[in-house]
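Notes to accompany the following structure.
Start at 1 and go down the list; that is how both ligands and their atoms are numbered. What you are looking at is a predicted structure, and each value in this text was computed from that prediction instead of being measured.
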Amino acid sequence: MFNAAEFSEIRSLLNPKNKIIILTHYNPDGDAIGSSLGLKHFLAAKGLEAEVVVPNDFPKFLKWMPDARKITIADYKRAKARETIGNADVIFILDFNASHRSGNLVAPWIDKSKGKKILIDHHQQPDKFDFVYSDISIPATCQMVYHFIEKLGEEHLINFDAAECLYTGIMTDTGGFRFRSTSAETHKIVAKLIEKGADPAKISSDTWDTNSISRMHLLALVLGRIEVVKNGEVAILFLTREELKNFGFEKGDTEGFVNYGLSISGVKMSAFFMEDLYENFIKISFRSKDDDTDVNQFSRKYFNGGGHINAAGGKYFKNLETTIEDFKKFVDL
Ligand code: 5GP
Ligand code: MN
């Protein structure tokens, strides 16, 4: 958490004269959108206007969140996003640890901007920013935003909209309060968010009971040919570009597929390989269960990526078949 001196600087930065923006990572997920909008609604309750800017579009199942449709998507509104980032006095960097994680378009604008940068994030090895609150033991950036507000002494300003958004990010990044870093503290905060009006049944239904037919068909295909190697300890799933096109793939359709590999008895690590729709690379998701299987290190070493010990992503610039062959060579549990 920020120290006392940092807090007093941050307090003085949070005033209506300053242009405040909130940025998150490329391919924003529930925690990215939830923490960004949650913080925005808190700041609004404090009398401060903040603009949320994301590098590219995000899944439809997150668009129910209050003000989700007011988010500036840099991919679609380049000039506006560039200007907003360039003119910002204060930039919150939420749910990512290094400007390059915001993608090739936005990263240089962040690096050039003179705005004071405040990072709140739970990924490993954060870059240097003006203010850094980084904690890899916390399951969701939304929980960290809650702690930040708590430390500001302004929990009472977390209104219904903020509570819904923060709840959503904690729910999605903990896989529905199941993953390892889910703690008593997490549940205490979740309880407070429910007291502030967040409705667990409504939020999980709005977020998760929204499967498209294309997603279900893609899931059936992927599950039908799941492969388990290395004495039953490593699961491999994949999709080709052609399959994605044939099934009418929409953004977010394959979210969470990698977890099915991990649900097989005895499996310690799951990897999901997907050809990018437009460019010639393979997007990979890794998941694992314990400390001994550090997929962050694995992805950093072999697949140009990173993330957390038990959840990481990467990219590989060979064809799908070679990528999976190489993966089998690299993986060593
Ligand atoms: P996912 O598999 O859901 O895309 O990503 C899992 C986790 O790994 C997320 O926390 C995400 O931020 C991180 N991650 C995904 N892709 C990359 C990447 O290319 N580089 C880095 N450093 N982290 C990634
Ligand atoms: Mn997160």
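Contact annotation for R287 and ligand 1: only side-chain heavy atoms (C-beta onward) come within less than 4.0 Å of the ligand. When heavy-atom distances to ligand 1 are checked against a 4.0 Å cut-off, K283 comes that close only through its side chain, counted from C-beta outward. When heavy-atom distances to ligand 1 are checked against a 4.0 Å cut-off, H25 has no atom that comes that close, whether in backbone or side chain. If you look at R300 next to ligand 1, there are no close heavy atoms at all, none under 4.0 Å.
Short contacts between ligand 1 and S285, defined as distances under 4.0 Å to a heavy atom of the residue, involve ligand atoms 1 (P), 2 (O), 4 (O).
Between N97 and Q124, every side-chain heavy-atom pair lies at or beyond the 4.5 Å cut-off. Taking the side chain as every heavy atom from C-beta outward, L119 and K117 never approach each other to under 4.5 Å.
F281 belongs to a hydrophobic cluster whose other members, connected by ILVMFWY side-chain contacts under 4.5 Å either directly or through intermediates, are F317.
For ligand 1, the polar-atom distance check finds an N/O of G313 within less than 3.5 Å of one of the ligand's N/O atoms. Remark: ligand 1 and I284 share no N or O pair separated by less than 3.5 Å (distance only, no angle test).
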For residues 272-279, tabulate all N or O donor-acceptor pairs below 3.5 Å that involve a side-chain atom, not counting sequence neighbours.
from, atom 1, to, atom 2, distance (Å)
E275, OE1, R241, N, 2.6
D276, OD2, Y278, N, 3.0
D276, OD2, E279, N, 2.8

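Ring pair Y167/F160: centre-to-centre distance not below 6.0 Å.
A salt bridge links E164 with K202: the closest approach of a Lys/Arg side-chain nitrogen to an acidic carboxylate oxygen falls below 4.0 angstrom.
Taking atom 7 (C) of ligand 1 as the reference point, the nearest protein heavy-atom neighbour is A311 O, 3.5 Å. In terms of protein heavy-atom proximity, atom 23 (N) of ligand 1 is closest to G306 O, 3.0 Å.
Y133 pairs by the ring-ring contact (aromatic ring centres under 6.0 Å, His included) definition with F2, not counting sequence neighbours.
Between G307, A271, A312, it is A312 that holds the heavy atom closest to atom 5 (O) of ligand 1. Within the set H308, R101, Q125, the minimum heavy-atom distance to atom 11 (C) of ligand 1 is found for R101.
Taking a 6.0 Å sphere around NZ of K268, one finds it holds 12 or fewer heavy atoms contributed by other residues, nucleotides or ligands. Summarising the local packing, NZ of K196 is surrounded by more than 12 heavy atoms from other residues, nucleotides or ligands at distances under 6.0 Å.
H122 contributes a side-chain N or O that, together with a main-chain N or O of I138, makes up a donor-acceptor pair within less than 3.5 Å.
Excluding water, every protein N/O/S atom under 2.8 Å from the Mn ion (ligand 2) is given here by residue and atom: D31 OD2, D95 OD1, H122 NE2, D173 OD2.
L48 and I91 fall into different hydrophobic clusters, where Ile, Leu, Val, Met, Phe, Trp and Tyr are joined by side-chain heavy atoms under 4.5 Å apart, directly or via other members.
By the 4.0 Å heavy-atom criterion, H123 is counted among the residues contacting ligand 1.
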